[in-house]
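Proteins get letters first, then strands, A, B, ... in listed order; numbering begins at 1 in each.
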Protein chains: 2
Amino acid sequence: MIQTSPIDSVMRALADPTRRAVFERIARADEINVAELTRVSGVTQGAVSQHLKSLKLAGLVAERPQGRNVFYRARPEGLAPLFDWLSHYDLFWRDRFADLRSLLKEIDP
Amino acid sequence: MIQTSPIDSVMRALADPTRRAVFERIARADEINVAELTRVSGVTQGAVSQHLKSLKLAGLVAERPQGRNVFYRARPEGLAPLFDWLSHYDLFWRDRFADLRSLLKEIDP
DNA sequence: GACTCATATTAGTTTACGCTAATGCATTAG
DNA sequence: CTAATGCATTAGCGTAAACTAATATGAGTC
């Protein structure tokens, strides 16, 4: 695979459990700095910064430098490729399988 | 990371572009055998079988052996962890995007 | 200016992953 | 029975990826 499409980078970014956990932590917070992220991540600060770079390149997070801190926040639009990818199969599933609504009901009744 | 949760295996399975393409090809077809999958995949038959194994372990596909052929079909329920994960952020998106439920309404009002 | 503090970056190591080529194992065909 | 077909599995290779440790950068502090 030569080119890297948005869905590629988003999927890849979220595939790693540690990195996904970092993203989840950011999403739960309004804004959060690297030190706080590092505290819960279980890896070194350097590793966290690398994960943040990946997430940023995937469009999943944005940064706001303030003094010597850098605050990160989630970019929900960054998940659009994932939504699109899933919705692409919506029609398909509706015809042949239990539709997505029942699935959603199970998840969030 | 020691344990591997459903969301882990699903994400990881879909992260690789080649493997994701294999899944998409299966999803488009009703059923499809390995030879046909190999034809479009761009990799060898052995590689395809390995990808199929990953997808199967992730719960994304099911197999139906028939003679010396093995037909694969998509398991939409296998995507539930992904839906679950996304729905967790539904509230976050609701203001800016159509949420999953409205997406479904468009398809099947 | 010297010294922290917060984060980014780099180098180097280890592990995981995807791939090919080869082989194994059934099943069907002749 | 022998050969061919379809798929799975294995060994081995190359590369990518995640991590640590160390260092660089840059902003506040004294």
Side-chain angles (χ1 to χ4, degrees), chain A residues 1-5 7-26 29-58 60-74, chain B residues 1-5 7-26 29 31-74:
Chain A
M1 282 280 163
I2 312 152
Q3 67 166 356
T4 175
S5 61
I7 184 66
D8 278 342
S9 49
V10 168
M11 281 285 196
R12 244 187 48 69
L14 296 175
D16 180 68
T18 304
R19 188 163 46 233
R20 191 170 63 251
V22 167
F23 174 75
E24 290 173 1
R25 185 72 187 82
I26 296 174
D30 184 38
E31 279 192 331
I32 186 170
N33 64 353
V34 180
E36 176 72 14
L37 282 172
T38 301
R39 186 122 37 88
V40 208
S41 66
V43 293
T44 62
Q45 178 268 314
V48 171
S49 270
Q50 292 172 28
H51 284 312
L52 289 170
K53 190 176 183 179
S54 297
L55 292 170
K56 188 171 58 173
L57 288 177
L60 291 168
V61 300
E63 49 181 353
R64 183 178 64 85
Q66 181 182 17
R68 43 187 184 187
N69 292 312
V70 177
F71 290 93
Y72 283 86
R73 65 175 198 280
Chain B
M1 279 282 165
I2 312 149
Q3 67 167 355
T4 176
S5 62
I7 185 65
D8 277 343
S9 48
V10 168
M11 280 286 199
R12 241 187 51 68
L14 296 176
D16 179 67
T18 304
R19 188 164 46 234
R20 192 169 63 251
V22 167
F23 174 75
E24 291 173 1
R25 184 74 187 82
I26 295 173
E31 279 192 333
I32 186 170
N33 65 349
V34 181
E36 176 73 13
L37 281 173
T38 301
R39 186 120 38 89
V40 208
S41 66
V43 294
T44 63
Q45 177 268 315
V48 171
S49 271
Q50 291 173 29
H51 285 312
L52 289 170
K53 189 176 184 179
S54 297
L55 291 171
K56 188 171 59 175
L57 288 177
L60 291 169
V61 300
E63 48 180 353
R64 184 178 63 84
Q66 181 182 17
R68 44 186 182 187
N69 292 310
V70 177
F71 290 93
Y72 283 86
R73 65 174 198 280

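Among the heavy atoms of the strands lying under 4.0 Å from B:G46 is at least one base atom, whether or not backbone atoms are also near. Contacts of A:A47 with the nucleic acid, taken as non-hydrogen atoms under 4.0 Å apart, include base atoms. Heavy atoms of B:Y72 sit under 4.0 angstrom from primed sugar atoms or phosphate atoms, though from no base atom.
Spacing between atom CZ of B:F71 and atom C1' of D:dA8 amounts to 16 Å, rounded to whole angstrom units. Separating the CD atom of B:E63 from the P atom of D:dG6 is a distance of 18 Å, rounded to the nearest angstrom. A straight line from CG of B:D16 to P of C:dA16 spans 17 Å, rounded to a whole angstrom. Here C:dT7 presents its C1' atom at 15 Å from CZ of A:R64, a figure rounded to the nearest Å. Atom CD of A:E31 is separated from atom P of C:dT7 by 12 Å (rounded to the nearest Å). Distance, B:L52 CG to C:dG18 P: 13 Å, rounded to whole Å. Going from atom CD of B:Q50 over to atom C1' of D:dA8 covers 9 Å, rounded to whole Å. One interatomic measurement links the two molecules: CG of A:L37 to C1' of C:dA6, which rounds to 13 Å at whole-angstrom precision.
Remark: the A:Q45 side chain and the C:dA8 base include a donor-acceptor N/O pair separated by less than 3.5 Å. Put simply, the side chain of B:Q66 and the base of C:dT27 share no donor and acceptor less than 3.5 Å apart.
Put simply, A:T18 has a side-chain N or O that comes within less than 4.0 Å of OP1 or OP2 on D:dC19. Contact annotation: A:N33 side-chain N/O to C:dT7 OP1/OP2 distance is under 4.0 Å. Applying the 4.0 Å criterion to OP1 and OP2 of D:dA17, one finds that A:H51 has every side-chain N and O outside that range. Contact between the side-chain N/O atoms of A:R68 and the OP1/OP2 oxygens of D:dT29 is not found at any separation under 4.0 Å. Contact annotation: A:N69 side-chain N/O to D:dA27 OP1/OP2 distance is not under 4.0 Å. Close to C:dT20, at under 4.0 Å from its OP1 or OP2, lies a side-chain N or O of B:T44. Look at B:R12 and you'll find a side-chain N or O under 4.0 angstrom from OP1 or OP2 of C:dC17.
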Passes side chain to side chain contact (heavy atoms under 4.5 Å, CB included), A:V70 versus A:L52? Steps please.
CA-CA 11 Å; A:V70 177; A:L52 289 170; over 6 Å; no
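Proximity of A:R20 to B:I7: side-chain heavy atoms (C-beta onward) are separated by under 4.5 Å at one or more points.
With A:E63 as the fixed residue, the salt bridge (charged side-chain N to carboxylate O under 4.0 Å, His left out) test singles out one of A:R73, A:K56, A:K53: A:K56.
The CG atom of A:D16 sits 9.5 Å away from the CG atom of A:L55 when rounded to the nearest 0.5 Å. The CG atom of A:N33 sits 10.5 Å away from the CZ atom of A:R64 when rounded to the nearest 0.5 Å.
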